[in-house]
Number of protein chains: 2
Amino acid sequence: MATVNSYTGRMPTPDRTSLDAIIAAARDLLEENGLAGLTMSAVATRVGVRAPSLYKRVPSRDRLLQLVAEATLLELAQRLDATDDLVEGARRFRAYGHERPAAFRMVMAPGAGAPLAGLELRAAASAPIIRAAAALAGEKHALAAARTFTAWASGFVSMELNGGFGLGGDVDEAWDFGVERLIAALSAR
Amino acid sequence: MATVNSYTGRMPTPDRTSLDAIIAAARDLLEENGLAGLTMSAVATRVGVRAPSLYKRVPSRDRLLQLVAEATLLELAQRLDATDDLVEGARRFRAYGHERPAAFRMVMAPGAGAPLAGLELRAAASAPIIRAAAALAGEKHALAAARTFTAWASGFVSMELNGGFGLGGDVDEAWDFGVERLIAALSAR
DNA sequence: ACCTGAACACCGTTCAAGT
DNA sequence: ACCTGAACACCGTTCAAGT
């Protein structure tokens with residue numbers, strides 16, 4: 001309920017920004033300028049306020065980073081949802097890493113300056129994979145198979161994004177090789 | 001050649017620290033207090049000088065982080081050297097991650113505040129794995145097989161260190177399962 | 001030559017004062 | 001209620017001055 005301002009007698013100023021706008025600005029800054037470029041001042045400028053105003057919506061920069069991580073995991077989960085094909089799921093997983101490399105790195109390897117996202121969201125993002133792994137490896141080995149496949153995919157994309165694959169060799173070919181061999185290895189015998 | 005100080009007429013003060021001591025202090029601080037706790041001031045205190053003195057041996061904090069990453073990769077390469085058994089190599093790789101989790105994370109996922117280590121060192125750490133992969137998968141698939149195995153191992157340990165494996169299930173069991181299936185999958189057909 | 005205190009720029013965060 | 005300038009603590013880094 002909007003009330004008259006006691007000093008001016010006019011209505012209070014309408015909000016000049018929102019939590020969603022702040023998170024969106026933070027995500028953009030992260031991709032454009034890296035974690036070091038994601039300052040409270042830069043976020044504030046981008047949403048059109050001064051840095052202190054951000055603290056009306058977010059308690060700290062750390063918490064903002066966590067919200068960025070959660071938004072990233074949510075988006076990733078949506079991309080993976082409605083796929084029961086492990087090969088296609090892995091392809092989308094990798095594509096998302098290419099689309100948002102900085103956020104992807106932050107989510108896959110927190111601790112190095114970035115906080116962990118909520119565990120429920122991590123679980124949500126991996127749920128489709130576990131389903132597919134169960135179909136492939138059987139219920140008994142579903143969890144271990146999902147972990148094997150997830151570890152490989154996550155490690156592969158992380159190495160790729162970090163320049164971990166030196167020169168030489170076709171990276172796409174290594175991806176296809178890995179998918180093929182892993183699917184074969186995890187299939188129920 | 002030590003010369004007489006022109007002002008005091010005495011010998012110059014002997015060095016109170018060294019680059020090696022600075023890197024060692026930085027590595028310890030990284031494990032104890034995380035990346036945020038690895039400040040120039042904290043490093044200086046630990047080696048017994050004031051922060052500005054560090055700049056006589058290291059040009060910047062970023063460069064110091066890079067030296068820490070390189071020392072970590074070198075140590076890891078030494079641990080893996082002289083193993084042509086992929087299972088034993090993977091076991092040592094994982095054990096090193098448990099031994100120095102913060103440095104391991106920094107090396108496996110740089111960019112998130114940490115700079116990349118030299119490419120030669122990355123290559124050195126992966127050389128024994130490529131050798132073992134060649135013996136297993138054959139020369140033709142040696143590189144792709146090494147990448148598959150390395151991506152899995154690196155992804156597995158990273159997830160483990162970052163709490164990426166939610167609750168439930170035996171992580172050691174998932175490791176053994178992954179090793180066994182991967183070795184089988186990568187073996188020449 | 002190495003070391004230091006002082007100083008500067010920058011960043012996260014708080015707070016009193018504006019509207 | 002939201003917003004702001006001013007201020008504070010902290011950190012990386014530079015520099016002139018000591019020895």
Side-chain angles (χ1 to χ4, degrees), chain A residues 1-23 25-26 29-30 32-69 106 112-115, chain B residues 1-23 25-26 29-30 32-69 106 112-115:
Chain A
M1 172 90 73
T3 51
V4 173
N5 184 286
S6 60
Y7 181 88
T8 61
R10 286 183 282 99
M11 299 310 263
T13 314
D15 294 4
R16 257 167 254 185
T17 186
S18 67
L19 180 57
D20 280 352
I22 288 169
I23 295 172
L29 278 167
L30 177 62
E32 288 168 31
N33 305 322
L35 203 50
L38 171 31
T39 62
M40 295 303 270
S41 174
V43 171
T45 299
R46 202 162 275 225
V47 299
V49 298
R50 305 288 186 157
S53 299
L54 298 179
Y55 293 86
K56 284 285 156 181
R57 334 247 176 207
V58 168
S60 68
R61 178 176 181 268
D62 259 18
R63 175 67 183 141
L64 176 55
L65 291 180
Q66 198 178 329
L67 290 170
V68 167
M106 190 171 117
Chain B
M1 170 93 71
T3 51
V4 173
N5 184 285
S6 60
Y7 181 87
T8 60
R10 286 182 282 101
M11 298 312 261
T13 313
D15 294 3
R16 257 167 256 186
T17 185
S18 68
L19 181 57
D20 281 352
I22 289 170
I23 295 173
L29 278 167
L30 177 62
E32 287 168 31
N33 305 324
L35 203 50
L38 171 31
T39 62
M40 296 302 271
S41 175
V43 171
T45 299
R46 202 162 275 225
V47 299
V49 299
R50 305 288 184 156
S53 298
L54 298 178
Y55 293 86
K56 285 284 156 183
R57 333 249 178 208
V58 167
S60 67
R61 178 176 181 268
D62 260 18
R63 176 67 183 141
L64 176 56
L65 292 180
Q66 199 177 327
L67 290 169
V68 167
M106 190 170 116

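Here is how names work: the chains are called A, B, and so on, in the same order as the sequence lines, proteins then strands, and each is numbered from 1. Scope of the values below: all heavy atoms of this structure, side chains included, with no hydrogens, waters or symmetry mates.
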Heavy-atom pair with the smallest gap, counting every atom of Arg50(A) and Ala44(A): C-CB, 3.6 Å

For Ala26(A) against Leu38(A), the heavy-atom pair lying closest together: O-CD2, 3.5 Å

Atom pair CG (Leu67(B)) and CG (Asp62(B)), whose distance is rounded to the nearest 0.5 Å: 11.0 Å

Spacing of Arg50(A) atom CZ relative to dC15(C) atom P, expressed in whole Å: 21 Å

Euclidean distance, Gln66(A) CD relative to Ser60(A) OG, rounded to 0.5 Å: 8.5 Å

d(CG, Leu19(B); P, dC2(C)) in whole Å: 12 Å

Could you run down the sub-3.5 Å N/O contacts of the protein with nucleotides 6-11 of chain D?
none

Separation of atom CG in Leu29(A) from atom C1' in dG12(C), rounded to whole Å: 16 Å

Under 4.0 angstrom between Ser53(A) side-chain N/O and dT4(D) OP1 or OP2: yes

Exam field: side chain Arg57(B) to backbone Asp20(B), donor-acceptor pair closer than 3.5 Å: no

Value in whole Å for how far the C1' atom of dC3(D) lies from CD1 of Ile22(A): 12 Å

Nearest non-hydrogen partners of Ala42(B) and Gly37(B), listed with the distance: CB-O, 3.8 Å

Spatial distance of atom OG1 (Thr17(A)) from atom CD1 (Ile22(A)) [nearest 0.5 Å]: 4.5 Å

Atom-pair distance (NZ on Lys56(B); C1' on dC15(D)), nearest Å: 10 Å

Integer-rounded Å distance: dA1(D) C1' and Asp15(A) CG: 8 Å

Distance test, side-chain N/O of Arg16(A) to OP1/OP2 of dT19(C), below 4.0 Å: no

Pairing string, 5' to 3', for DNA chain D - Watson-Crick or wobble contacts under 3.5 Å, brackets [ ] where pairs cross, | to another strand: ||.|||||...|||||.||

Leu54(B) CG to dC15(D) P, straight-line distance once rounded to whole Å: 17 Å

Nearest-0.5 Å distance that lies between atom CG in Leu35(A) and atom CG in Leu29(A): 11.0 Å

Val47(A) vs Leu54(A), side-chain contact (heavy atoms from CB on, under 4.5 Å): CA-CA, chis, key distance, verdict: CA-CA 9 Å; Val47(A) 299; Leu54(A) 298 179; 4.3 Å; yes

